[in-house]
Amino acid sequence: MSELAHGLLLQDQGRLKEAEACYFSVLSREPENDFVHGRLALCQLSQEGKKREALDSIEKAIRLRPEDSFYHAIRSLILSDLRRGKEALAAADRAVGLDPENAFALVSKAAAYCSMDRWSDAEEWSRKALAADSDHAMAANMLTHSLRMQGRKDEHAAAVEQVLAADPEDSLAHVNAGWSALQSGDHRKAETHFREALRLDPDSEMAREGLIESFRARSAFYRLYLSYCFFMQRFTGAKQWGIIIGIYLVYQVLRQWLETVNPLLGGGFVLLWLAIVMWVWLAPGVGNFLLLVDRSARLALKRGERWQGLTVGLGLLLGTAGAALGFALGFDPALLAGFGLIASAVPASMTFGNDSARGRLFFGGITAFIYLVTALVFVSESVRHPAVELLPTTLAFGAIAILGAILCTWLGNVRSLRQGIES
């Protein structure tokens, strides 16, 4: 068996690192072999952290054979995974232009639209790919995904059943079925599908993430959060911002009206609003914290997700305990420290497990600042206790820390601070 044939066999078996080594060995002797560059790109695309290398490989293949539609389609898929939607769409257009009837080229355009959250366009091009090749598994799975993201539950469920019937050994089909079950509120069925997806493809990150979501969804608290996410996913980034700003404006109008009726009603409404905002951002961290106490479920968590669970869960528990104890004993330093730890849970939830390096740095900086302020306030006010008034620096730094936590609830919606350019 030739080295190239061996590499192809290894790639088909999912032994990607070994296949990659074979391809590099072939290229050391045949650097102008566009086919090997193309296969190498596909191999790297399926490995975590190698998408930029995959882009470099496919661009070498394109330079050697620029009129090959397949290579442009692969380039489009890589760019989609890198969240470079406009470039991905341009590459897909090039692929379709070279071969308008090629299902792979057509589905690469659907994937480009998915990366831009343009779900109706993704559906349209998935259907075109299926019209060109009714058995194209990637197109069928892309169609089910786009239907789910548009909230069309019945059509999505029918599409999932069709895909599973066509190939019950398709890992991606089980991932889609799992998300369908989660969206319908059946976390047990979702867990079954995600486990099956991992059995078929142990390296599937989508299946692992889905399994974690199904574990978290054992909590009714977290299922409410998922419902919110499923609703927001139906819209593009600009529309999501419009919804958020619209809700905030309605909140401001209602708050002002309630204050004219009764100041207590206005204050209660503010507390309700803050609770909802906190719930939206803290739900994933609380979910991870609950998984940490589950002996089997915690094995699915990555390091960042474990840290998110610890910082959010312990921040809320210790903060609530400290605030309650301080209030009960009239010990203001403990009360203030408790509030500080509760506030720290918000940026901490956006720091650990965040795919964006800039986001980790920004939110991590705010988290560290709140920890530092909390410690300084506790020590300085403990030394002065019982004092009639708080130190001006305590008030100033406390206000800055609280404003920082509130700011995070807005900046957490900025995608560049939550999504990495490469995974």
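Please read these numbers as outputs of a predicted model, since none were measured by experiment. Index from 1, following the sequence.
The side chain to side chain contact (heavy atoms under 4.5 Å, CB included) check on Leu395 picks up Leu390, with sequence neighbours excluded. Residues meeting the side chain to side chain contact (heavy atoms under 4.5 Å, CB included) test with Leu224, sequence neighbours left out: Trp279. Residues satisfying the ring pair (Phe, Tyr, Trp, His ring centres under 6.0 Å) test with Tyr371, not counting sequence neighbours, are none. Listed by chain and residue number, Thr374, Phe378 satisfy the side chain to side chain contact (heavy atoms under 4.5 Å, CB included) test with Ala337 (two or more places apart in sequence, or in another chain). Partners of Cys22 under the side chain to side chain contact (heavy atoms under 4.5 Å, CB included) rule, at least two apart in sequence or in another chain, are Glu3, His6, Leu10.
Under the 30°/60° scheme for interplanar angles, the aromatic rings of Trp119 and His145 are found to stand perpendicular.
Taking each heavy atom of Ile243 and Met232 in turn, the nearest pair found is CG2-SD, 4.2 Å.
Not less than 6.0 angstrom separates the ring centroid of Trp257 from the ring centroid of Phe269. Trp179 has its ring centre no less than 6.0 Å from the ring centre of His156. The ring of Tyr225 has its center closer than 6.0 angstrom to the ring center of Tyr222.
Sorted by first then second residue, the side-chain hydrogen bond (donor to acceptor under 3.5 Å, both in side chains) pairs that include residues 36-46, not counting sequence neighbours, are Gln11-Arg39, Glu20-Gln44, Gln44-Ser57.
The pair Arg188-Glu191 fails the salt-bridge criterion, with no side-chain N (NZ, NE, NH1 or NH2) lying under 4.0 Å from an Asp/Glu carboxylate O.
With Asn288 as the partner, the side chain to side chain contact (heavy atoms under 4.5 Å, CB included) test is satisfied by one option alone out of Arg306, Arg216, Arg298: Arg216. Of the candidates Glu205, Glu209, Gln308, Lys302 forms a side chain to side chain contact (heavy atoms under 4.5 Å, CB included) with just one, namely Glu205.
Using a 3.5 Å distance cut-off with no hydrogens or angles, the side chains of Ser69 and Asn102 do not pair a donor with an acceptor.
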